[in-house]
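Start at 1 and go down the list; that is how both ligands and their atoms are numbered.
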Amino acid sequence: MKLPRLVGHRGAATHAPENTLAGIRAAREFGLEWVEFDAQLTGDGVPVLMHDDTLQRTTGDPRKIAEVPLDEVARLDAGGWFAERFREERVPTLEAATALLVELGLQANVEIKPSPGLARETAIATVSLMKRVWHATRPPPLFSCFQVEALEEAQNVWPEAPRGYLMRSLARDWQETAVRLGCLSIHLWHPGIRPDQAEAIKAAGYQLAAYTVNDAGRAARLLEMGLDCLISDDPPALAEVCGASKAA
Ligand code: G3P
Ligand code: MG
């Protein structure tokens, strides 16, 4: 599987509230073919789209998501914090987000984002659900995670779905881990990527993705360095340098 040059981060987080269905729709409207989002478990073990381990920042509820059941999470407003016109947005279940991806013909980088101590459970629930609802005719989604145990579970549950090894900076033993986990790609925080690292990753046969790139000049330098994929909050800002479609 070849990763695209440009992926919308948390949907298209500059333009619509992160990790919502509106964010996924915004990515599609910008002409993207791929979107990244974060999957985390509610208190009753249902995968939903959420980045933080508390609900505070995006819904105003101070509780930890791992302590709140889905029926309560589903009632929260996940869009009003971003802009008044998004007040009807909810925290979507992964199942609802997947149905929308299928409807819009979008491909996904699903970041497994466990609450503390729940890496294996989150990976098993996330990957099993997507395996069940994903259409067999489409290439499987790409699962990424900072935690190796979660990628191990992703590999067990759905070995054919590609995996991305997500790191802030390149770990000393990155290659050994990537081989063991059968990874397709390495995902790094863009400010820390050195040209020699990019070269080594590419030479070892991995695709290289960078997050979160929102500046066109920086994007151009990363592409020159050999990056395959840029994950951006602001896809229209990078569309020209990435050769991607612009907003309609
Ligand atoms: O998947 C890339 C990126 O989303 C990782 O960082 O904190 O934005 O989920 P974060
Ligand atoms: Mg993420």
Side-chain angles (χ1 to χ4, degrees), residues 1 3-21 23-24 26-27 32-41 47-58 64-66 78 81-82 91-92 94 97-98 101 106-116 118-119 122-123 126-127 130 141-148 150-151 154 161-171 174 177-178 181 183-193 198 201 206-215 218-219 222 227-235 237-238 242:
M1 176 188 274
L3 296 184
R5 283 230 170 139
L6 188 53
V7 173
H9 185 236
R10 306 184 194 175
T14 298
H15 300 271
E18 66 183 57
N19 288 321
T20 63
L21 298 184
I24 293 173
L32 296 185
E33 293 175 359
W34 280 66
V35 70
E36 187 263 7
F37 52 75
D38 306 294
Q40 187 160 192
L41 299 184
V48 296
L49 273 53
M50 178 61 56
H51 180 274
D52 299 357
D53 54 12
T54 80
L55 296 160
Q56 177 75 54
R57 184 173 56 86
T58 57
K64 292 183 173 152
I65 185 166
W81 70 278
F82 184 87
V91 175
L94 179 61
T98 304
L101 295 174
L106 273 173
Q107 184 52 282
N109 170 197
V110 181
E111 184 188 341
I112 301 164
K113 184 69 95 181
S115 285
L118 296 180
T122 307
T126 297
V127 180
M130 291 206 79
L142 169 68
F143 293 100
S144 60
C145 192
F146 286 104
Q147 285 161 266
V148 167
L151 293 172
R163 286 167 295 286
Y165 184 16
L166 187 48
M167 286 163 276
R168 187 161 167 93
S169 56
L170 197 64
W174 70 269
T177 306
L181 297 169
C183 289
L184 174 78
S185 51
I186 303 293
H187 301 215
L188 296 172
W189 185 56
H190 82 86
I193 303 175
I201 291 164
Y206 296 95
Q207 295 182 57
L208 179 54
Y211 63 94
T212 306
V213 186
N214 295 332
D215 177 80
R218 177 63 180 154
L222 289 165
L227 270 281
D228 296 287
C229 174
L230 307 179
I231 303 175
S232 178
D233 293 323
D234 192 3
L238 269 55
C242 288

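- Looking only at heavy atoms of the protein, atom 7 (O) of ligand 1 is closest to His51 NE2, 2.6 Å.
- At a heavy-atom distance under 4.0 Å, only side-chain atoms of Glu36, from C-beta outward, approach ligand 1.
- Heavy-atom contacts from other residues, nucleotides or ligands closer than 6.0 Å to CD of Glu33 number 12 or fewer.
- Between the side chains of Asn109 and Ser144, a donor-acceptor pair is found at a separation under 3.5 Å.
- Take the N/O/S atoms of Glu36: the one nearest the Mg ion (ligand 2) is OE2.
- For ligand 1, one of its N or O atoms has an N or O atom of Glu111 under 3.5 Å away.
- Glu111 contributes OE1 as its N, O or S atom closest to the Mg ion (ligand 2).
- The atoms of ligand 1 that sit less than 4.0 Å from any heavy atom of Arg10 are 7 (O), 8 (O), 10 (P).
- Under 3.5 Å, the side chains of Asn214 and Asp233 contain a donor-acceptor pair of N or O atoms.
- Note: Leu181 CG to Tyr165 OH = 7.5 Å, rounded to the nearest 0.5 Å.
- Judged purely by distance below 3.5 Å, without hydrogens or angles, the side chains of Ser115 and Gln40 pair a donor atom with an acceptor atom.
- Put simply, the side chain of Ile186 reaches to within 4.5 Å of the side chain of Leu208, judged on heavy atoms.
- Counting only heavy atoms from C-beta outward, the side chains of Val91 and Asn19 never approach each other to under 4.5 Å.
- Polar contact with ligand 1: present for Lys113 (N/O pair, distance under 3.5 Å).
- Of the N or O atoms in Asp38, one or more lie within a sub-3.5 Å distance of an N or O in ligand 1.
- Looking at Asp38, its N, O or S atom nearest to the Mg ion (ligand 2) turns out to be OD1.
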